[in-house]
Amino acid sequence: MERWLGGREPGATISAGKTCELAISWWSDRLDPDWRPRPSDESQAILDRLGLVGEFWRLP
Amino acid sequence: MIERDRQLRNLTYRRFVELGRAPSLAELAGELGIEPDDLAASWRRLHDEHALVLDPDGEIRMAAPFSAVLTPYGVRAAGRSWFANCAWDAFGVCAALGTDGEISSACPDCGEPIEIAFREGRADPDEHVVHLLVPAARWWDDIAFT
């Protein structure tokens with residue numbers, strides 16, 4: 001990871017499994033015929049529920 | 001979000017999936033029987049609201065998790081091949097389509113090919129990791145880089 005970062009500030013590393021969980025929670029509604037924009041607090045709740053917490057995961 | 005924009009966003013996504021690629025502005029406006037300038041204005045508002053991402057020519061660049069351009073994140077799902085915007089979105093393509101899929105990518109460090117299946121909501125294998133470089137607060141500063 002350090003080699004790939006090449007001196008850049010590291011971000012967050014998550015497993016493929018966690019990425020999968022995140023994708024399901026985040027994207028499953030995108031093709032719903034009644035899709036509506038998700039409020040930021042609901043997006044933040046998804047991250048929190050998956051344990052993606054801390055400053056890195058704090059939405060604006 | 002204006003209700004008409006929401007409807008056009010949903011139509012754009014639906015057409016993307018039907019075609020297996022992004023519809024062009026002229027194509028979709030023609031199909032809907034509306035003025036291209038009206039659709040362009042709607043897409044621009046949707047872009048500004050982060051519901052779509054346009055390229056400099058005003059065409060679809062991303063209908064996340066789908067990418068309208070070739071990326072290192074290929075997905076085979078629902079009988080088609082797709083491109084996702086990132087590893088997160090690659091799983092997202094399967095999640096959005098509600099189907100299993102196969103993801104093909106490569107390690108961004110060493111270039112080793114990576115094949116991961118998305119089966120019943122799980123990654124197989126689960127040995128790989130994903131690194132997100134940009135903090136959530138800055139994801140939309142440059143969404144293509146993110």
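Convention: sequence-line order gives letters A, B, ...; per-chain numbering from 1. Here the structure is a predicted model, which is why all the values come from computation and not from measurement.
- Residues A:V53 and A:L47 are not in side-chain contact: their nearest non-hydrogen atoms beyond the backbone lie 4.5 Å or more apart.
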>> As a quick check of understanding, evaluate side-chain contact (heavy atoms from CB on, under 4.5 Å) for B:L52 and B:M62, giving each step before the final call.
In response: CA-CA 6 Å; B:L52 289 173; B:M62 299 179 189; over 6 Å; no
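- When the candidates A:P33, A:P37, A:C20 are compared by the number of heavy-atom contacts under 4.5 Å with chain B, A:C20 comes out ahead.
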Got a list of the donor-acceptor pairs under 3.5 angstrom between chain A and chain B?
unit_1	atom_1	unit_2	atom_2	d
A:R3	NE	B:D109	OD1	3.2
A:R3	NE	B:D109	OD2	2.9
A:R3	NH2	B:D109	OD2	2.3
A:G11	N	B:H131	NE2	2.8
A:A12	N	B:L132	O	2.8
A:A12	O	B:L132	N	2.7
A:T13	OG1	B:H131	ND1	2.7
A:I14	N	B:V130	O	2.8
A:I14	O	B:V130	N	2.7
A:A16	N	B:H128	O	2.9
A:G17	N	B:D126	OD1	2.6
A:W27	NE1	B:D89	OD1	3.2
A:R30	O	B:R9	NH1	3.0
A:R30	O	B:R9	NH2	3.1
A:P33	O	B:N10	ND2	3.1
A:W35	O	B:R6	NH1	2.8
A:F56	O	B:A136	N	2.8
A:R58	O	B:A137	N	3.3

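- With rounding to the nearest 0.5 angstrom, the CG atom of B:L54 is 8.0 Å from the CG atom of B:L46.
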>> For a side-chain contact (heavy atoms from CB on, under 4.5 Å) check, start with the C-alpha distance between B:F145 and B:V134, then their side-chain angles and the critical distance, and finish with the verdict.
In response: CA-CA 9 Å; B:F145 177 77; B:V134 180; 3.7 Å; yes
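- Per-residue counts of heavy-atom pairs under 4.5 Å with chain A were compared for B:A87, B:P65, B:A63; the largest is that of B:P65.
- If you tally non-hydrogen atom pairs under 4.5 Å between each of A:A16, A:P60, A:A12 and chain B, the highest count goes to A:A12.
- Contacts between B:L11 and chain A at a heavy-atom distance below 4.5 Å are absent for every atom of the residue.
- Neither the backbone nor the side chain of A:L52 comes within less than 4.5 Å of any heavy atom of chain B.
- Residue B:A90 does not touch chain A at all, counting heavy-atom pairs closer than 4.5 Å.
- The hydrophobic clustering, which links ILVMFWY residues whose side-chain heavy atoms are closer than 4.5 Å, places B:M1 and A:L31 together.
- The two residues B:A84 and B:V93 make their nearest non-hydrogen contact at CB-CG2, 4.0 Å.
- B:V17 touches chain A through its side chain: at least one heavy atom from C-beta onward sits under 4.5 Å away, while N, CA, C and O do not.
- Clustering ILVMFWY residues whenever any of their side-chain heavy atoms sit less than 4.5 angstrom apart, transitively, puts B:I60 in the very cluster that holds B:L39.
- Contact annotation for B:F16: neither backbone nor side-chain heavy atoms come within less than 4.5 Å of a heavy atom of chain A.
- The shortest non-hydrogen separation linking B:F118 to B:C94 is CD2-CB, 3.4 Å.
- In terms of non-hydrogen atom pairs under 4.5 Å with chain B, the most contact-rich of A:L22, A:I24, A:L59 is A:L22.
- The closest side-chain heavy-atom distance from A:I14 to B:V129 is not below 4.5 Å.
- Residues B:V69 and B:F66 do not share a hydrophobic cluster, defined by chaining ILVMFWY side chains whose heavy atoms lie under 4.5 Å apart.
- Residues B:P125 and B:I116 come closest through the heavy atom pair O-CG2, 3.8 Å.
- Of the listed residues (B:A51, B:P108, B:C110), the one with the most heavy-atom contacts under 4.5 Å to chain A is B:P108.
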